[in-house]
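Below is one structure; the comments refer to it alone.
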2 protein chains.
Amino acid sequence: MAKNEFICDCNAIHRDVVDNTSKNMLEADTFNRIADFFKILGDTTRAKILFALDQNEMCVCDIANVLGMSKSSISHQLGTLRRSGIVKCRKSGKEVFYMLDDDHVKKVIEMCIEHIEHKK
Amino acid sequence: MAKNEFICDCNAIHRDVVDNTSKNMLEADTFNRIADFFKILGDTTRAKILFALDQNEMCVCDIANVLGMSKSSISHQLGTLRRSGIVKCRKSGKEVFYMLDDDHVKKVIEMCIEHIEHKK
DNA sequence: TTGACAGTTGAATAGTTATTCATATATAAT
DNA sequence: ATTATATATGAATAACTATTCAACTGTCAA
């Protein structure tokens, strides 16, 4: 196999490892989805919102007060979470109550906390 | 309790829910750590690197070839992963071999893939 | 129907970050 | 010593994103 079948200009390639690993890689789209999922959790505000919603469904105003942030900011983030299918909402009069829409999120957050405690 | 003990200017607050949830919230620093952890996974390049390293330890050049990206770019990302304690490395001559340094990462990624499959 | 209020949304700003390029360091071979 | 190579790194650019502000929608009450 010629050197320039490989993208980068090194001689240090371990071809068997590279070939084998390449074969096992998932589709590009799958990695995008993985990254997108974690990107959602990778923001302090959203992490707080999800942790809070794990305890109670809440209206936008409640969440804003729990986090000490503006309603607009919270609403933007809830929009992001809703579009990702991680939270869902129900309307009741003027209020909109948000709740988790994903079992995995809870587990993933718990595992993450475990990780953090472990690394301390 | 006076209205302005709450941060935002709504009347729609459910005080018991807000008070209770507030009590159960973790420290700000903990949420920052949670978000920082997920931020690391929340990038396509880093997700690919971690998935690849889950199969074999590899040198920078190998990873660059598996991902089809420049060595410099990969090296920057490996630095980020190393500083986060998610990968570690060993030197062997001119080469530097990287490997996972965290059991949780594997589990978290697997759970994430499960989540993605489930939502399809 | 008018006013008040819960929530949403678009635009703007400010901060962050991934990649590239050029350069630097470290190791091995000649 | 000198050269080649593997990796690291600083600076710059470009792309992305969180929050704010202002304006808007929809609902309830008077």
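The figures that follow rest on heavy atoms only: side chains count, while hydrogens, waters and symmetry mates do not. Lettering follows sequence order; numbering is per chain, from 1.
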> Can any side-chain N or O of B:T21 pair as donor or acceptor with the backbone N or O of B:V17 at less than 3.5 Å?
Replying inline: yes
> Rounded to the nearest Å, what distance is computed from the NZ atom of residue A:K71 to the C1' atom of nucleotide D:dA23?
Replying inline: 14 Å
> Ignoring hydrogens and geometry, is there a side-chain-to-backbone donor-acceptor pair from B:D54 to B:L50 under 3.5 Å?
Replying inline: no
>> Taking 4.0 Å as the cut-off, does a side-chain nitrogen or oxygen of B:Y98 come that near to OP1 or OP2 on D:dA8?
In response: yes
>> Could you tell me how far apart A:N65 (CG) and C:dG7 (C1') are, to the nearest whole angstrom?
In response: 14 Å
>> As a quick check of understanding, evaluate salt bridge (charged side-chain N to carboxylate O under 4.0 Å, His left out) for B:K23 and B:D19, giving each step before the final call.
In response: CA-CA 6 Å; B:K23 262 179 220 149; B:D19 287 340; over 6 Å; no
>> Could you tell me how far apart B:F97 (CZ) and D:dA6 (C1') are, to the nearest whole angstrom?
In response: 11 Å
>> Counting primed atoms plus P, OP1 and OP2 as sugar-phosphate and everything else as base, spell out the protein contacts along nucleotides 25-30 of chain D at 4.0 Å heavy-atom distance: B, S or - for each nucleotide, 5' to 3'.
In response: -BBS--
> For A:L78 and C:dG7, what is the distance between atoms CG and P respectively, to the nearest whole Å?
Replying inline: 10 Å
> In terms of hydrophobic clusters joined by side-chain contacts under 4.5 Å, are A:V18 and B:F97 together?
Replying inline: no
> Can you give one letter per nucleotide of nucleotides 13-22 of chain C, 5' to 3': B if a protein heavy atom sits under 4.0 Å from the base, S if only from the sugar-phosphate, - if neither?
Replying inline: ----SSBBBB
>> If I take atom CG in residue A:L67 and atom P in nucleotide D:dA18, what distance separates them, rounded to the nearest angstrom?
In response: 14 Å
> A:I40 CD1 to D:dT17 C1': how many Å, rounded?
Replying inline: 11 Å
>> Counting only side-chain heavy atoms from C-beta out, which of C:dG7, D:dT9, D:dA6 sits nearest to B:E95?
In response: D:dA6
> According to the salt bridge (Lys or Arg N to Asp or Glu O under 4.0 Å) rule, which pairs have a member within residues 34-43 of chain A, sequence neighbours left out?
Replying inline: A:D36-A:K39
> For the pair made of CG in A:L81 and P in D:dT17, what is the distance, rounded to whole Å?
Replying inline: 14 Å
>> Using only atom types and a distance under 3.5 Å, with no angle test, would you say the side chain of B:S70 pairs donor to acceptor with the backbone of B:S73?
In response: yes
> For B:R83 and D:dG10, what is the distance between atoms CZ and C1' respectively, to the nearest whole Å?
Replying inline: 12 Å
>> Please identify which of these residues, A:I40, A:I34, A:L41, meets the side-chain contact (heavy atoms from CB on, under 4.5 Å) condition with A:F37.
In response: A:L41
> Are B:V66 and A:L26 joined in one hydrophobic group, where the rule is that I, L, V, M, F, W and Y side chains link up if heavy atoms are under 4.5 Å apart?
Replying inline: yes
> Can any side-chain N or O of A:D62 pair as donor or acceptor with the backbone N or O of B:H14 at less than 3.5 Å?
Replying inline: yes
